[in-house]
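First up is the structure itself, then whatever we jot down about it.
Per chain, numbering begins at 1; letters A, B, ... match sequence-line order.
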Amino acid sequence: MATERYNPRDAEPRWQQKWNEAKVFETDNGDPREKYYVLEMFPYPSGRIHMGHVRNYALGDVVARYKRARGFNVLHPMGWDAFGMPAENAARDNKVHPKSWTYQNIASMKTQLKAMGLSLDWSREFATCDVEYYHRQQALFLDMMEKGLVYRKKSKVNWDPVDHTVLANEQVIDGRGWRSGALVEQRELVQWFFKITDFSQDLLDELDTLDQWPEKVRLMQKNWIGRSEGMAVRWEIVPSTAPAGETEVTVYTTRPDTLFGASFLAIAADHPLARAAAEKNPAIEAFAEECRRHGTSLAALETAEKKGIDTGIRVKHPLDPSWELPVYVANFVLMEYGTGAIFGCPSGDQRDLDFARKYGLPVVPVVMPKDGDAATFEIGDTAYVDDGVMINSRFLDGKSTTDAFELVAEKLESTLLGNQPQGERKVNFRLRDWGISRQRYWGCPIPVIHCDDCGVVPVPKKDLPVELPEDVTFDQPGNPLDRHATWRHVACPNCGKDARRETDTMDTFVDSSWYYTRFTAPREDAPTDPAVADRWLPVDQYIGGIEHAILHLLYSRFFTRAMRETGHLDVKEPFKGLFTQGMVVHETYRRGTGQNGEWVSPAEIRIEEIDGKRRAFLLSDGEEISIGSIEKMSKSKKNVVDPDDIIASYGADTARFFVLSDSPPDRDVIWSEAGVEGAHRFTQRLWRLISEASGNLVGVKPNPAKNGEALPISQAAHKTLKAVQEDYDRLSFNRAVARIYELVNTLAAPLAKVASGEGDPTYRAAVREAAEILVQVVAPMTPHLAEECWAVLGNAEMVSRTPWPAYDETLVVENDVTLPIQINGKKRGELTIARDADQSAVEAAVLALDAVKAALDGRAPKKIIVVPQRIVNIVV
RNA sequence: GCGGGCGUGGCGGAAUUGGUAGACGCAGCGGACUCAAAAUCCGCCGUCGCAAGACAUGUCGGUUCGAGUCCGACCGCCCGCACCA
């Protein structure tokens with residue numbers, strides 16, 4: 001029986017409409033079944049979805065559809081991370097308002113996402129730039145302010161002296177403003193901060209409970225929080241070298257044991273002592289200025305050449321007042337970390353060593369490896385940073401580094417400098433408070449008012465929301481809120497006097513730090529409905545890019561803690577399970593070479609294989625194009641594939657199936673035309689096999705075979721069901737795809753047999769049962785095709801509403817196992833034996849094998865290793 | 001620079017987490033069907049070798065009866081570094 005090819009252009013919109021009409025994916029907060037919350041990181045509305053989105057949402061959708069079939073009450077919402085700089089750039093470049101630009105982008109991206117057939121509850125959709133959303137964010141801010149989780153302090157920004165505007169780190173290129181090209185300066189502004197450091201220890205401790213997070217992400221967060229145990233050590237300044245009023249410097253160190261290896265102190269350019277020294281010495285002032293001309297990004301700072309300048313200030317060594325050391329200003333010391341001052345021990349720290357070599361400072365080895373020789377141990381170009389034995393360290397000589405730490409700590413704690421101990425044990429964190437102020441328009445306004453008399457006054461909740469004004473201009477740089485004619489003028493809520501609105505808006509990371517909570521009650525008047533939030537949270541499976549491993553995830557973890565303190569919910573951790581997916585990458589194509597070269601998009605070329613070598617040619621004139629490396633899809637390299645084009649020509653199911661197959665989801669996937677065609681052939685093949693057999697299966701009651709001709713069919717189906725189920729639970733979709741291909745290969749002949757009218761009723765019942773299992777296991781990946789197959793088999797209910805089948809244990813177990821037999825670790829034979837055979841039975845059977853007899857040649861084996869149901873190794 | 005990760009056939013990958021390396025797919029080759037092509041179906045497919053076999057998981061060492069998996073060093077690529085989202 002011949003059937004028509006499967007036509008996704010017809011089937012996909014049809015099923016999407018049916019799901020929509022039946023509200024299959026709308027979630028009821030009152031549903032009593034066990035909940036499952038699956039969430040993909042919501043997109044920034046750039047205007048068009050890209051393959052990364054397709055992959056991200058396909059992954060989440062499989063989880064959502066699978067868990068729904070498993071009987072959970074699934075929440076799977078979608079929204080828009082809609083504030084941010086690109087809207088302002090578009091406003092500047094194209095004279096469109098950020099608001100209309102953003103909402104238009106949302107509209108077109110929503111159409112694209114809908115074409116993917118995702119099982120989303122669109123009734124909960126919101127954008128973070130909706131007044132209804134940022135209104136509640138402002139309320140949260142006020143509550144956090146009341147709890148002391150918000151404060152202001154001076155902090156540095158990248159300042160463009162030509163455009164008179166604050167630049168983001170990504171807008172600073174090689175130390176210059178991206179538009180003006182001017183050398184960027186650091187400038188201090190009073191800015192708003194969240195006290196994330198209140199939770200440093202807790203954020204660190206609770207990482208241990210996140211056992212469904214990738215180990216690497218937990219490790220990254222742990223290192224980011226950066227707990228260290230060390231000492232604050234006070235160094236007395238030699239009075240004759242001290243700037244007026246200065247008597248000492250406090251240094252934070254994690255290695256007090258290496259104090260006898262100290263050869264200098266280094267302080268940040270913004271350290272008070274450095275500022276004092278700069279006042280008297282123009283060279284120091286010039287150096288500090290140079291340090292400030294770097295951007296504020298740590299990466300830029302640390303890749304820069306390590307430099308310093310002697311301040312002329314001398315300090316006395318804390319363990320020997322007669323020993324004087326120089327104090328340098330150094331560009332690698334940060335005011336934000338520790339005390340803004342370090343002591344340099346060149347033999348024990350590579351950076352200090354490089355610095356010492358550069359400025360001719362002494363290098364005294366103080367730690368050597370346990371088996372080293374103190375008389376000959378020297379430091380060359382490499383510092384010795386590990387633990388070991390103390391040398392050249394007076395009373396510490398011969399002690400371990402750990403003991404030396406203790407001895408120095410006790411000594412410094414009991415020595416007085418002035419009336420205070422010279423040193424104090426201190427736990428330090430690398431984590432800094434979260435600066436949320438942005439001098440930009442397109443963000444959530446910070447709801448406070450500045451009054452000359454009353455100071456900083458929170459906007460009363462009844463006056464919320466503080467709405468963004470719409471009549472703004474982007475024809476000049478700087479913050480439009482600042483120069484708006486009326487917006488910032490407001491009466492003080494306290495005294496009624498003329499006052500000014502805060503014109504800073506919030507970091508867009510704030511928006512994304514609690515949106516997952518808002519989805520649980522998106523139309524609530526308050527930020528959350530705490531009872532509802534507590535029922536849905538934590539998110540059971542969160543899926544997104546590894547690039548968010550630290551900031552977004554840490555900020556969200558902070559927010560649940562802050563929202564707990566302010567009574568908005570009562571959970572500690574936002575995301576129970578986390579999955580970080582890899583990127584979608586593609587070959588690059590380049591026409592011409594060097595400066596005249598230009599990137600060519602995959603749509604403009606065809607690939608041919610000539611003598612086993614892949615070559616690319618321009619479609620328009622046949623010119624040969626060179627095939628370049630495989631890279632992340634990006635507009636600049638033109639190696640992008642538009643999901644719209646793929647969906648239009650192959651359908652959403654093919655696109656979904658392709659991004660799920662082949663590569664494991666946490667690794668990069670290479671987009672290739674051949675791969676897509678392979679996925680498309682699979683969809684067609686599945687449809688053809690099912691639909692051609694369907695005529696002879698429609699009235700048949702599904703029933704697995706326990707014996708006879710159809711037994712292997714039922715066994716294959718149930719084994720696949722079990723395997724795919726496990727793969728779905730582990731998010732190993734590429735493995736599930738492989739299992740599904742195998743099942744299709746196994747079922748091809750039986751389905752063809754049924755299609756041709758053969759097979760008795762028992763056989764047909766088994767084939768039908770296997771076919772249904774096949775359709776149900778692919779349904780989460782290719783939902784439209786599955787519905788179409790499900791319907792053609794005569795099922796009245798949609799497959800999206802059909803419970804997951806249960807596999808039959810008796811069809812899954814094997815009675816015999818085949819063991820590889822190794823002799824000295826090399827495979828020499830095989831042995832098939834009963835699954836439950838005991839060790840001695842296995843040994844006897846093995847020794848009876850010809851291959852083993854030949855290898856032993858009459859000798860007795862030295863040892864026989866039997867790993868039950870795995871392997872046998874004979875040592876000769 | 002610091003922190004984290006990855007590296008297996010021509011290609012994407014699998015390997016029950018220390019137990020038969022290469023499942024499954026893509027590409028390729030051979031065959032069937034066809035006037036022909038497409039589609040489809042069947043078979044072959046790590047390297048060397050006639051074969052027995054040997055060699056093979058980025059490189060070099062180590063641990064082990066046994067290493068893709070564990071340890072050490074190195075090489076290459078990718079992500080993050082606090083104002084991109």
Side-chain angles (χ1 to χ4, degrees), chain A residues 5 41 43-44 46 81 83-86 157-158 166-172 214-217 219-224 226 295-306 332 336 350-351 430-440 507-509 512 545-552 554-555 580 582-583 585 609 612-614 629 631-632 661-664 666-670 672 674-675 677-679 681-682 684-685 688 726 732 734-735 737-742 745 748-749 752 818-827 830 862-865 867 869-876:
Chain A
R5 280 171 66 82
M41 291 179 184
Y44 178 80
S46 56
D81 189 11
F83 275 136
M85 290 199 306
V157 293
N158 300 310
V166 176
L167 299 176
N169 282 338
E170 72 156 11
Q171 297 173 325
V172 179
E215 191 54 47
K216 60 178 172 184
V217 175
L219 196 55
M220 281 192 252
Q221 291 217 348
K222 185 182 170 207
N223 291 335
W224 185 262
T296 57
S297 101
L298 192 58
L301 210 66
E302 292 204 9
T303 42
E305 193 196 351
K306 308 291 175 287
F332 57 86
E336 289 78 20
Q350 192 59 45
R351 196 166 54 180
R430 203 186 76 103
L431 181 66
R432 310 198 299 251
D433 275 332
W434 175 11
I436 60 153
S437 279
R438 298 291 181 270
Q439 294 71 39
R440 284 183 236 292
D507 179 6
T508 56
F509 271 126
S512 55
I546 185 71
E547 64 274 18
H548 293 294
I550 296 174
L551 293 180
H552 163 59
L554 195 61
Y555 291 154
T580 54
M583 295 182 299
V585 294
E609 189 156 323
K613 196 171 178 292
R614 294 178 70 247
S629 60
E631 297 188 49
K632 179 177 180 171
S661 48
D662 282 5
S663 290
D666 54 351
R667 270 202 241 171
D668 291 351
V669 63
I670 301 179
S672 71
E677 277 164 17
R681 269 201 299 278
F682 168 81
Q684 291 295 344
R685 185 176 188 215
R688 185 163 24 79
E726 284 163 6
S732 297
N734 58 318
R735 286 166 35 129
V737 167
R739 298 286 87 80
I740 289 167
Y741 270 116
E742 271 174 334
N745 287 340
T818 299
L819 300 176
I821 309 303
Q822 293 183 336
I823 292 164
N824 288 338
K826 300 253 180 209
K827 190 192 164 193
E830 277 184 352
K862 215 185 245 173
K863 200 173 173 187
I864 302 179
I865 296 150
V867 184
Q869 292 170 42
R870 282 286 154 71
I871 199 165
V872 180
N873 191 13
I874 300 166
V875 186
V876 182

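The C1' atoms of B:G12 and B:A73 are separated by 30 Å, rounded to the nearest whole Å. Using atom P as the reference point in both B:U59 and B:U69, the two lie 11 Å apart (nearest Å). Here, B:A14 and B:A21 have their C1' atoms 9 Å apart, quoted to the whole Å.
Comparing A:N223 and A:G675 by the nucleotide of RNA chain B that holds the closest heavy atom to each, the one mapping nearer the 5' end is A:N223.
Closest to the A:R739 side chain, of the nucleotides B:G5, B:A82, B:A23, is B:A23. For A:W224, counting side-chain heavy atoms from C-beta on, the closest listed nucleotide (B:C81, B:G19, B:A23) is B:C81. Comparing B:A82, B:U20, B:A23 by their nearest atom to the side chain of A:L551 picks out B:A82. For A:Y741, taking side-chain heavy atoms from C-beta onward, the closest of the listed nucleotides B:U16, B:G25, B:G5 is B:G25. For A:L298, the side-chain atoms get nearest to B:A82 when compared with the rest of B:G66, B:A82, B:U17. Relative to the side chain of A:R432, the nucleotides B:C65, B:C26, B:A82 differ in distance, and B:A82 lies closest. Closest to the side chain of A:H548, from the set B:A85, B:A23, B:A82, is B:A85. Checking B:C84, B:G13, B:A23 against the side-chain heavy atoms of A:A738 singles out B:A23 as nearest. Out of B:A85, B:G5, B:G3, the shortest distance to the side chain of A:M220 is found at B:G3. The A:N158 side chain lies nearest to B:C83 when the options are B:C83, B:G80, B:G1.
Heavy atoms of A:Q439 sit under 4.0 angstrom from at least one base atom. Nucleic acid contact for A:V166: base, since at least one base atom lies under 4.0 Å from a heavy atom of the residue. Within 4.0 Å of A:A549, counting heavy atoms only, lies no atom of the nucleic acid at all. When heavy atoms are screened at a 4.0 angstrom cut-off, A:F509 is found touching base atoms of the nucleic acid.
A donor N or O paired with an acceptor N or O is not found under 3.5 Å between the base of B:C83 and the side-chain atoms of A:N169. The base of B:C83 has none of its N or O atoms less than 3.5 Å from a complementary donor or acceptor on the side chain of A:E170.
Separating the CZ atom of A:R430 from the P atom of B:A82 is a distance of 9 Å, rounded to the nearest angstrom. When rounded to the nearest whole Å, the span between CD of A:E677 and C1' of B:G28 equals 16 Å. Rounded to an integer number of Å, the gap from OH of A:Y44 to C1' of B:C84 is 10 Å. In this structure, A:I550 atom CD1 and B:G3 atom C1' are separated by 7 Å, rounded to whole Å. Rounded to whole Å, atom C1' of B:C84 lies 11 Å from atom CD of A:E547. One interatomic measurement links the two molecules: NZ of A:K862 to P of B:G66, which rounds to 11 Å at whole-angstrom precision. The interatomic distance linking A:K216 (NZ) with B:G7 (C1') rounds to 14 Å, in whole Å. Computed from coordinates, the A:K827 NZ to B:A21 P distance equals 7 Å when rounded to whole Å.
The backbone N or O of A:D507 sits nowhere less than 3.5 Å from a side-chain atom of A:R438 that would complete a donor-acceptor pair. Between the side chain of A:K306 and the main chain of A:E302, a donor-acceptor pair closer than 3.5 Å is present.
Shown here, B:C84 forms no base pair; nothing in the strands shown gives a Watson-Crick or G-U wobble contact with both key distances under 3.5 Å.
The ring-ring contact (aromatic ring centres under 6.0 Å, His included) search around A:F509 returns A:Y555, not counting sequence neighbours.
Among all heavy-atom pairs drawn from A:Y741 and A:A679, the shortest one is OH-CA, 4.4 Å. For the residue pair A:L819 and A:V872, the shortest heavy atom distance occurs at CD1-CG2, 3.9 Å.
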